[in-house]
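For the numbers below, each heavy atom of this structure counts, side chains included, while hydrogens, waters and symmetry mates do not. Given the structure is predicted, the values throughout are model-derived calculations rather than measurements. In what follows, chains are A, B, ... by sequence order, proteins preceding strands, each numbered from 1.
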There are 2 protein chains.
Amino acid sequence: MTKQTGLDKATQSLRESLFSGAFHPEERVGEHAVAERLGVSRTLARLAMGALEREGLLLRSPRRGFTVRSFSIDEIVGAIEIRGELEAIAARKLAEAGFTEEQDRYFAGLLEESAAILRAGTVTLDNRQRWTELNEELHSGMIREAGVTALREAFVQVVRLPLVAPRVIVFDTGDPEYSRPQLETAQRDHQRILDAIRARQGTRAAELMRDHSLRSGENKKLNLKRMQDSATLRSLPGGPLISLSTPEDESCS
Amino acid sequence: MTKQTGLDKATQSLRESLFSGAFHPEERVGEHAVAERLGVSRTLARLAMGALEREGLLLRSPRRGFTVRSFSIDEIVGAIEIRGELEAIAARKLAEAGFTEEQDRYFAGLLEESAAILRAGTVTLDNRQRWTELNEELHSGMIREAGVTALREAFVQVVRLPLVAPRVIVFDTGDPEYSRPQLETAQRDHQRILDAIRARQGTRAAELMRDHSLRSGENKKLNLKRMQDSATLRSLPGGPLISLSTPEDESCS
DNA sequence: AAGATATATTTTGCATGCAATGTCTAAAAC
DNA sequence: GTTTTAGACATTGCATGCAAAATATATCTT
């Protein structure tokens, strides 16, 4: 556990503020306002803002401060697509290199636990929560285990955008059991991808991964479109923009 | 032209210092040293260091300052590969969407000018310089025109690593005419890629792009390995690490 | 003499303050 | 009534300074 400095906490705090929609998109966000909100000095606020600028959450105009960046649904869908492509690359590399025993056990373990959840009977909120965590583990685990630094870095860059992380799954309805088909499809996808990797079929693994991501991206897109007018996602005057909102708000992350 | 603030200049300046090897890899680099070297206050130095941390050029240990990150040849080769993959994605997207007239003219213009250089007779240093600029334009132009924000962002993230940018081409020798075959191969590749895009052959365009990048990556790798012991790339005690060095040093950027 | 502890020095982390630039407001000119 | 311009106000950009943490140095104990 690496020690946290004040900046890290401030940055995290500001990020959450942005995701939760505390500032409106396109709105100018001043050091003073941020400092006050976070209860820190302007310097720290400025540092945090600089960090979030580099994350792509804030836009900076020199001498004119920062504005919060807004994302169109297309941008988010595009980002999800790119995430899928990156994961496809990871799958191919893993297939080409072949699993180590440790990797094989690791991924098998993830898959087994998530399968167990679906076998266990009714899908509860907690179950589903755990399932999405395992999903996140699997996806980012493949990126990590591919062993290419640049791939990891590109991935975290893309995944920083709101709603893009694999942990964020937009489900149809409140009743968890209704999401069973969605989960079972994903589960099958995962199984096939791992099988392809084990069979050292790089291209096939990549294709499967791409398809898998594309499909879950389409899911998100549909649900997002449906939710665009709802209270959680504020639509903006003058465009198909949505404000940032925290994953917890509009999904079962 | 967006106005430059002091931070931008400081960051740029520090980046160049790092690339030119002013600080040794793994070395702790203190605010004071940086501030003095850049001739700015410690605050500004700290801000610049924060920016370069986000770029992946510096590593930060909380409460213990920054160290300069070093890159292994494998990391750089890996990054070049990922860059190629991203460009392949761009090619596919462009093929799927089809060129607009403007895009068609733009890319045709780039290709024509670089072809003209090769037709013109002897390859001079200036010629080659111009050619690499056009190469950069073509590669990053495809990323840009693909119209996917996340793709652009992933690209700039990857391309920030030393030696990874398409502008950096490692040539065999000092005599520019000797690099003609390398350039002509690349030129043919570019032509084929654009043709595939025009023919709306997405998968083919992507394959060609990948191959093209892979090949030029291999080129870089060979030349890098050869140069690893030379004065421009300092090898490090204890590993196959190379220090950062400015593109201008070891290539004809 | 080697290790441990205490002290001194360096370095980071952060807040405050001031000058420069940008933005807003209001009055004046047309 | 619209546009221009001058001044007040707010905000950013950056340097300095101080407290806390970390590192180096010296002293003490065994």
Side-chain angles (χ1 to χ4, degrees), chain A residues 1-18 22-70 236-238 244, chain B residues 1-18 22-70 237-238:
Chain A
M1 199 67 183
T2 153
K3 214 177 289 182
Q4 272 220 351
T5 174
L7 202 175
D8 296 323
K9 278 184 284 186
T11 305
Q12 178 64 18
S13 187
L14 179 55
R15 193 178 6 240
E16 279 163 13
S17 286
L18 288 173
F23 301 91
H24 290 223
E26 317 293 303
E27 178 184 339
R28 268 185 70 173
V29 45
E31 308 184 335
H32 193 73
V34 171
E36 207 164 76
R37 172 172 252 276
L38 303 186
V40 296
S41 77
R42 291 205 323 284
T43 300
L44 208 47
R46 156 186 294 272
L47 285 169
M49 291 164 87
L52 293 188
E53 180 209 358
R54 278 164 243 127
E55 284 189 16
L57 263 43
L58 289 175
L59 296 172
R60 177 162 158 281
S61 350
R63 297 260 172 216
R64 300 184 64 203
F66 296 85
T67 56
V68 350
R69 172 171 165 194
S70 61
L236 285 172
L244 303 166
Chain B
M1 201 65 187
T2 152
K3 214 179 287 184
Q4 272 220 349
T5 174
L7 203 176
D8 296 323
K9 278 184 282 185
T11 305
Q12 178 64 17
S13 187
L14 179 56
R15 191 175 12 236
E16 279 163 13
S17 286
L18 290 173
F23 301 91
H24 289 219
E26 317 294 304
E27 177 185 338
R28 267 185 70 173
V29 44
E31 307 184 336
H32 194 72
V34 170
E36 208 164 74
R37 172 172 253 276
L38 303 186
V40 296
S41 77
R42 291 206 331 279
T43 302
L44 209 46
R46 157 185 293 271
L47 285 169
M49 291 164 86
L52 292 188
E53 182 208 358
R54 290 280 164 190
E55 286 189 14
L57 263 43
L58 289 175
L59 296 172
R60 177 161 158 283
S61 349
R63 293 264 172 211
R64 301 183 68 206
F66 297 85
T67 57
V68 349
R69 171 172 165 194
S70 61

Worksheet item: In terms of side-chain heavy atoms of A:Val40, which of C:dG13, C:dA15, D:dC14 is nearest?
Response: C:dA15
Worksheet entry | Spacing of A:Leu59 atom CG and A:Arg28 atom CZ [to the nearest 0.5 Å] | 13.0 Å
Item to complete: With heavy atoms under 4.0 Å as the rule, sort B:Leu47 into base, sugar-phosphate or nothing.
Response: nothing
Worksheet item: How close or far is atom C1' of D:dG13 from atom CZ of A:Arg60, stated in whole angstroms?
Response: 9 Å
Worksheet entry | Spacing between A:Glu36 atom CD and C:dT16 atom P, to the nearest angstrom | 13 Å
Discussion item. For a quick check, tell me whether the side chain of B:Thr43 and the base of D:dT16 share a donor-acceptor pair closer than 3.5 Å.
Written reply: yes
Worksheet item: CG of B:Leu52 to CZ of B:Arg60: how many Å apart, nearest 0.5 Å?
Response: 13.5 Å
Worksheet item: Can you check side chain to side chain contact (heavy atoms under 4.5 Å, CB included) on B:Leu14 and B:Leu57, steps first, answer last?
Response: CA-CA 10 Å; B:Leu14 179 56; B:Leu57 263 43; over 6 Å; no
Please list, pair by pair, any protein nitrogen or oxygen found under 3.5 Å from a nitrogen or oxygen in nucleotides 8-12 of chain C.
| residue | atom | partner | partner atom | Å |
| --- | --- | --- | --- | --- |
| C:dT12 | OP2 | B:Glu31 | N | 3.3 |

Discussion item. Nearest 0.5 angstrom please: A:Ser41 OG to A:His32 NE2, how far?
Written reply: 12.0 Å
Worksheet entry | By salt bridge (charged side-chain N to carboxylate O under 4.0 Å, His left out) - contacts of B:Glu55 (at least two apart) | B:Arg15
Worksheet item: Rounded to whole angstroms, how far apart are CG on A:Leu38 and P on C:dA15?
Response: 11 Å
Discussion item. So does A:Gly56 get a backbone contact from the side chain of A:Arg69, meaning a donor-acceptor N/O pair under 3.5 Å?
Written reply: yes
